[in-house]
Amino acid sequence: MMQGARQLMKVYVTRRIPQEGMKILTEAGVCKVSVWDSDEPVPRAELLKGVAGAHGLLCLLSDRIDTEVLDAAGPNLKVISTLSVGFDHLAINEIKKRGVRVGYTPDVLTDATAELTVALLLATARRLPEGIDEVKSGGWSSWKPLWLCGYGLSGSTVGVIGLGRIGLAIARRLKPFGVKRLLYSGRMPLDALLTESDFIVVSCSLTPETQGLCNKEFFSKMKNTAVFINSSRGSVVNQEDLYEALSSGQIAAAGLDVTTPEPLPTDHPLLTLKNCVILPHIGSATYSTRGIMAELSANNLLAGLSGAAMPSELAL
Ligand code: NDP
Ligand code: DGY
């Protein structure tokens, strides 16, 4: 019994995760699991301490897994499993160099994220938060022909930047609203999409190429009546340029599920704008999706520990 316990591999989990995932890890009988048992992020010093000697690391998108963390983990580390589809928080080149495998959670969160993105688009375009505020504050004096008018999808042109799993799922959900044209961009010039779209939805991954892609020049090509939506990563947007575009009337409105930094400070200028709707990165936040993400990330981790094929391994 004691001897078996000594052979268990060490796994470090950087946050309290849905019990579906923890159950898989703890019942597997192959690893000793330590958890940063909190809903809040693990402080950096604790992460560096907790990961020491780990064979497996289950992390979140809010954990920066860089050379310092990999060094702190040391040579035992075989697998990093992230509870996310995005992997811009991982120092991929360094991880690859060390022969560490990476698991992630594509597909299982596509529907939830696409649904939230559509909800955000509608909330932004039809000014739902403003309307709700007016009802609560007594600003609703009467039905008024020109009050709280927004923009509808029927007959519109929608541009999707990043037509991957989520981008495609968003496009499919928008089509039945009567969208007339769907434009998408690969890595080609964006000009036609920017000038012709009534709604622009960003759903690409964050890469050196997409970092800061939505900047002054980008917004300057959009229609004054166009609505901008981002559910990819905050750093795809230059937020100073977005503030300028929104406050000057260069574009009509923006809805963001992701920002830089996260959380966005409560005194951030974007929060002063009525035409900017900001959500706290809740794209995949349904109970069922988060449970399935936790299961998948636990199974990825176990497969990585045992050298087996992972259900979802990131090709490095
Ligand atoms: P995919 O890899 O399926 O899609 C990403 C898409 O972005 C691909 O089509 C890719 O094209 C495209 N892309 C990459 N670079 C560029 C570029 N320079 N210009 C235009 N398009 C580009 O990933 P998912 O759809 O599963 O997820 C996308 C992203 O959504 C994640 O990386 C994550 O950041 C974010 N996300 C956010 C969530 C939230 O809660 N708000 C939830 C889940 C994900 P190519 O195939 O050619 O590389
Ligand atoms: C991801 O998975 O990358 C999202 O941002 C959170 O689900």
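Start at 1 and go down the list; that is how both ligands and their atoms are numbered.
- Among A114, S203, C204, G164, the residue whose heavy atom lies nearest to atom 13 (N) of ligand 1 is C204.
- Interface of S284 with ligand 1, defined as ligand atoms under 4.0 Å from a residue heavy atom, comprises 40 (O).
- Inter-residue side-chain proximity for K223 and D198 is flagged as met; some heavy-atom pair is nearer than 4.5 Å.
- In terms of polar-atom proximity, defined here as any N/O pair under 3.5 Å, T113 makes no such contact with ligand 1.
- Not a single protein heavy atom sits closer than 4.0 Å to atom 46 (O) of ligand 1.
- When every heavy atom of T14 is checked against every heavy atom of W36, the shortest pair comes out as O-CB, 3.5 Å.
- The side-chain contact (heavy atoms from CB on, under 4.5 Å) test with F228 singles out one residue from V201, V237, L246, and that residue is V237.
- For atom 35 (C) of ligand 1, the nearest protein heavy atom (residue, atom name, distance) is S232 O, 3.5 Å.
- Proximity of R165 to ligand 1, defined as any heavy-atom pair under 4.0 Å, is shared by backbone and side chain alike.
- Heavy-atom neighbours of K136 NZ from other residues, nucleotides or ligands within 6.0 Å: at or below the threshold of 12.
- The nearest protein atom to atom 16 (C) of ligand 1, hydrogens excluded, is given as T210 CG2, 3.6 Å; this is a heavy-atom distance.
- Between the side chain of K216 and the main chain of E240, no donor-acceptor pair closer than 3.5 Å is present.
- At the shortest separation from atom 48 (O) of ligand 1 among protein heavy atoms lies R187 NH2, 2.6 Å.
- E94 pairs by the salt bridge (Lys or Arg N to Asp or Glu O under 4.0 Å) definition with K97, R98, not counting sequence neighbours.
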Provide, line by line, the atom pairs where ligand 2 and the protein bring an N/O atom each to a distance under 3.5 Å; else say none.
unit_1: ligand 2; atom_1: 2 (O); unit_2: V85; atom_2: N; d: 2.7
unit_1: ligand 2; atom_1: 3 (O); unit_2: V85; atom_2: N; d: 3.4
unit_1: ligand 2; atom_1: 3 (O); unit_2: G86; atom_2: N; d: 2.8
unit_1: ligand 2; atom_1: 3 (O); unit_2: R233; atom_2: NH2; d: 2.7
unit_1: ligand 2; atom_1: 5 (O); unit_2: R233; atom_2: NH1; d: 2.8
unit_1: ligand 2; atom_1: 5 (O); unit_2: R233; atom_2: NH2; d: 3.3
unit_1: ligand 2; atom_1: 5 (O); unit_2: H281; atom_2: NE2; d: 2.6
unit_1: ligand 2; atom_1: 7 (O); unit_2: S284; atom_2: OG; d: 2.7

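- Heavy-atom proximity to L163, at under 4.0 Å, picks out these atoms of ligand 1: 9 (O).
- Every atom of ligand 1 with a heavy atom of H281 under 4.0 Å away is listed here by number and element: 39 (C), 40 (O), 41 (N).
- Taking distance alone, with nitrogen or oxygen atoms compared against 3.5 Å, R233 approaches ligand 1 more closely than that limit.
- Each of the atoms 5 (C), 7 (O), 14 (C), 32 (O) of ligand 1 lies under 4.0 Å from some heavy atom of S205.
- Applying the side-chain contact (heavy atoms from CB on, under 4.5 Å) rule to R15 yields the partners P41, L60, S62; only residues at least two apart in sequence or on another chain are considered.
- Under the side-chain hydrogen bond (donor to acceptor under 3.5 Å, both in side chains) criterion, N93 pairs with no residue at all, not counting sequence neighbours.
- With no hydrogens or angles considered, no side-chain donor-acceptor pair links T207 and S205 at under 3.5 Å.
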Verify side-chain contact (heavy atoms from CB on, under 4.5 Å) between V69 and R64, making sure each step is shown before the conclusion. CA-CA 8 Å; V69 174; R64 189 167 39 84; over 6 Å; no
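- Ranking the protein heavy atoms by distance from atom 19 (N) of ligand 1 puts G186 O, 3.1 Å first.
- At a heavy-atom distance under 4.0 Å, no atom of T110 approaches ligand 1.
- Atom 41 (N) of ligand 1 has its closest protein heavy atom at D257 OD2, 2.8 Å.
- A donor-acceptor pair under 3.5 Å is formed between the side chain of R16 and the backbone N or O of D37.
- Using a 4.5 Å heavy-atom threshold, the side chains of I17 and M22 count as touching.
- Under a 4.0 Å heavy-atom criterion, S185 is in contact with ligand 1.
- Considering both main-chain and side-chain atoms, I166 comes within under 3.5 Å of ligand 1 through a nitrogen or oxygen pair.
- No N or O atom of G167 sits closer than 3.5 Å to an N or O atom of ligand 1.
- Counting only distance, with no hydrogens or angles, the side chain of N76 and the backbone of G53 share a donor-acceptor pair below 3.5 Å.
- The main-chain N or O of E68 is found under 3.5 Å from a side-chain atom of D66 such that the two form a donor-acceptor pair.
- Counting protein heavy atoms only, atom 37 (C) of ligand 1 is closest to S231 O, 3.1 Å.
- The single protein non-hydrogen atom nearest to atom 12 (C) of ligand 1 is G162 CA, 3.9 Å, given as residue, atom name and distance.
- Y12 pairs with exactly one of L58, L77, L47 by the side-chain contact (heavy atoms from CB on, under 4.5 Å) rule, that one being L47.
- In this structure, T210 contributes its side chain and V236 its backbone to no donor-acceptor pair below 3.5 Å.
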